[in-house]
Each structure stands twice: as C-alpha cells, then as structure tokens.
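One structure is given here, and the rest of the page talks about it.
Keep in mind that what you see is a predicted model, and the values were worked out from it rather than measured. By convention here, the first residue in the shown sequence is residue 1.
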Amino acid sequence: YASGLPTFEKINNHTYRFIVYLDMFAFWWLSPSEINEGVFVRENNIKGSLSLPQAFTVRTQGADIYNNGAIAAPLVIDISVHEDFSETLVVRNVTYDLSVVIEDYTFTEGEIISINMGTADEYTITSSINGNIVKYLSEESEFFSLEKGYNRLECDHAGISVVARYRERFLGV
C-alpha cells in the first residue's frame, strides 16, 4: 500500500521486490468476509501480457465518484490502517462540504475502520480491533450519502487505504 510510486527494496544484486497496482476494466462484488480480510486481489484476470517497464501512476488522496442512480446512495467507507498514528482523521465529501472526523483515537496498524453512512438508524463507526468507536466522532461531523451525480471524496492522511462502497439507487417504475 504505497503512498506514491511502488517502493523498491534491494534483496541482492539482481533481485528487487515491488508491488504493482493495476486498474482493471472489470469489477467484482466482494463478500463481507473478503472485505474484512482485505482480499482485493484476483488471479488470472489480466487479459494480455504485462511487461516492464510500465508507466505507474501516483495514488491520490481522493476519488471522483459519479452516482448514476436516481437518488442519493447510502455509503460505507472502509479505512485500512497501514501504520500506527494518533492524529485526527477526516473523510470529506468536498463537493457538498460535509465531513466525518475521528479525533482523540489511536489507530493501529492492521486495523480496519468501517464508517456506515446508511440511514440515520444505521450510522456506525466500527473498528476491527476496538468495536464501536462512535464516541471518537467529532461534534462537527456530518454523516453523508453519495449524492446523485458528481461527488469528490477525500481523506488526506498517509499510511491508510480507503475504499468507498455503495449501490446506486433507482426509483421504482
């Protein structure tokens, strides 16, 4: 989970380990257990050949998401922590100036924080290590949905990976 280009590590004179992140032109619905276990890799899905050198892209601190549904979609944000830290963590919908802020909490390497922003009775913040951590939610926080159309989501902390999960909603006919 590099924050920029893949980090290379010298093993011996001619062997280097590195991680390559690829955007695939397909998607898979992951089961809850796969998401909890951090399983995001599928094998034998690359069509064609992969040769080096390749152009690598820089990981960004945000995502441009377009909700094609007819109405706002409930959103679940999963944050995988890759290094210990105690700073305030902010997840924001820049387009609508709304944010969820977790403060005064110590994040632990390997922990997964799940922020469920479904309907009002479903709002939760859960840690894979400490369970319910909603008490660390800042008073200025506002849970938000993925609004119809364009949404820019950002989380500007290094050492984490963020996955936004949602299903577009349509009105019945």
Side-chain angles (χ1 to χ4, degrees), residues 1-9 16-43 45-46 50 54-67 73-96 98-118 122-134 136-138 141-146 150-168:
Y1 296 95
S3 60
L5 295 176
T7 302
F8 292 81
E9 176 183 340
Y16 297 87
R17 287 189 302 169
F18 61 94
I19 299 172
V20 177
Y21 296 91
L22 301 171
D23 286 331
M24 305 297 286
F25 295 102
F27 66 90
W28 297 271
W29 289 107
L30 297 179
S31 71
S33 64
E34 287 175 313
I35 291 167
N36 288 337
E37 294 169 11
V39 177
F40 297 100
V41 177
R42 303 291 183 152
E43 295 182 10
N45 287 323
I46 296 177
L50 173 66
Q54 291 283 340
F56 293 102
T57 60
V58 176
R59 289 171 57 100
T60 65
Q61 301 301 77
D64 297 313
I65 300 175
Y66 197 86
N67 177 3
L75 181 64
V76 175
I77 303 282
D78 291 323
I79 301 168
S80 299
V81 181
H82 306 299
E83 58 187 36
D84 296 354
F85 67 94
S86 296
E87 297 112 30
T88 298
L89 181 68
V90 180
V91 178
R92 71 178 57 86
N93 184 327
V94 176
T95 308
Y96 294 93
L98 300 169
S99 59
V100 173
V101 181
I102 301 172
E103 57 188 5
D104 301 322
Y105 180 76
T106 301
F107 297 87
T108 305
E109 181 179 350
E111 180 175 24
I112 297 175
I113 305 294
S114 184
I115 304 171
N116 185 343
M117 295 188 258
E122 296 174 327
Y123 295 157
T124 59
I125 301 179
T126 309
S127 160
S128 61
I129 296 174
N130 296 311
N132 183 351
I133 60 169
V134 75
Y136 297 101
L137 182 67
S138 166
S141 294
E142 295 181 74
F143 286 101
F144 54 86
S145 297
L146 196 62
Y150 175 78
N151 292 260
R152 171 75 181 173
L153 302 183
E154 291 184 356
C155 186
D156 56 6
H157 195 283
I160 62 169
S161 295
V162 180
V163 174
R165 294 184 287 132
Y166 69 102
R167 287 204 172 122
E168 293 170 339

I'd like to check [X] versus [Y] (side-chain heavy atoms, cut-off strictly below 4.5 Å). Are they in contact?
X	Y	result
L75	S145	no
I77	V100	no
L137	I125	yes
C155	L89	yes

Could you pull out all residues at least two apart from F143 that satisfy ring pair (Phe, Tyr, Trp, His ring centres under 6.0 Å)?
->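 Residues passing ring pair (Phe, Tyr, Trp, His ring centres under 6.0 Å) with F143: Y123.
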With sequence neighbours excluded, what pairs up with F85 under the ring pair (Phe, Tyr, Trp, His ring centres under 6.0 Å) test?
->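 If we apply the ring pair (Phe, Tyr, Trp, His ring centres under 6.0 Å) test to F85, skipping adjacent residues, the hits are F107, H157.
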Rounded to the nearest 0.5 Å, what separation is found between the [atom1] atom of [X] and the [atom2] atom of [Y]?
X	Y	atom1	atom2	result
E103	S141	CD	OG	7.5 Å
E87	D104	CD	CG	12.0 Å
N67	Y150	CG	OH	13.5 Å

Provide the closest heavy-atom pair for P74 versus G118 in the form atom of the first, atom of the second, distance.
->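 Heavy atoms of P74 and G118 come nearest at CB-CA, 3.6 Å.
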Contact summary for A158 and E83, nearest pair of heavy atoms |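 So the minimum-distance heavy-atom pair works out to O-OE2, 4.2 Å.
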Under the side chain to side chain donor-acceptor pair (under 3.5 Å) test, residues paired with T126 that sit two or more places apart =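 Once residues adjacent in sequence are excluded, T126 has no partner under the side chain to side chain donor-acceptor pair (under 3.5 Å) criterion.
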Residue list, salt bridge (charged side-chain N to carboxylate O under 4.0 Å, His left out) with E154, at least two apart or on another chain =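 Per chain and number, E154 pairs via salt bridge (charged side-chain N to carboxylate O under 4.0 Å, His left out) with R152.
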Residues forming a side chain to side chain contact (heavy atoms under 4.5 Å, CB included) with [X], sequence neighbours excluded:
X	value
S127	Y105, E111, I113, I129, N130, I133
N93	T95, Y96, F144, N151, L153
E109	D84

Matching residue for I102 among I115, T88, V91 - test: side-chain contact (heavy atoms from CB on, under 4.5 Å) |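 By the side-chain contact (heavy atoms from CB on, under 4.5 Å) criterion, I102 pairs with just one of I115, T88, V91: I115.
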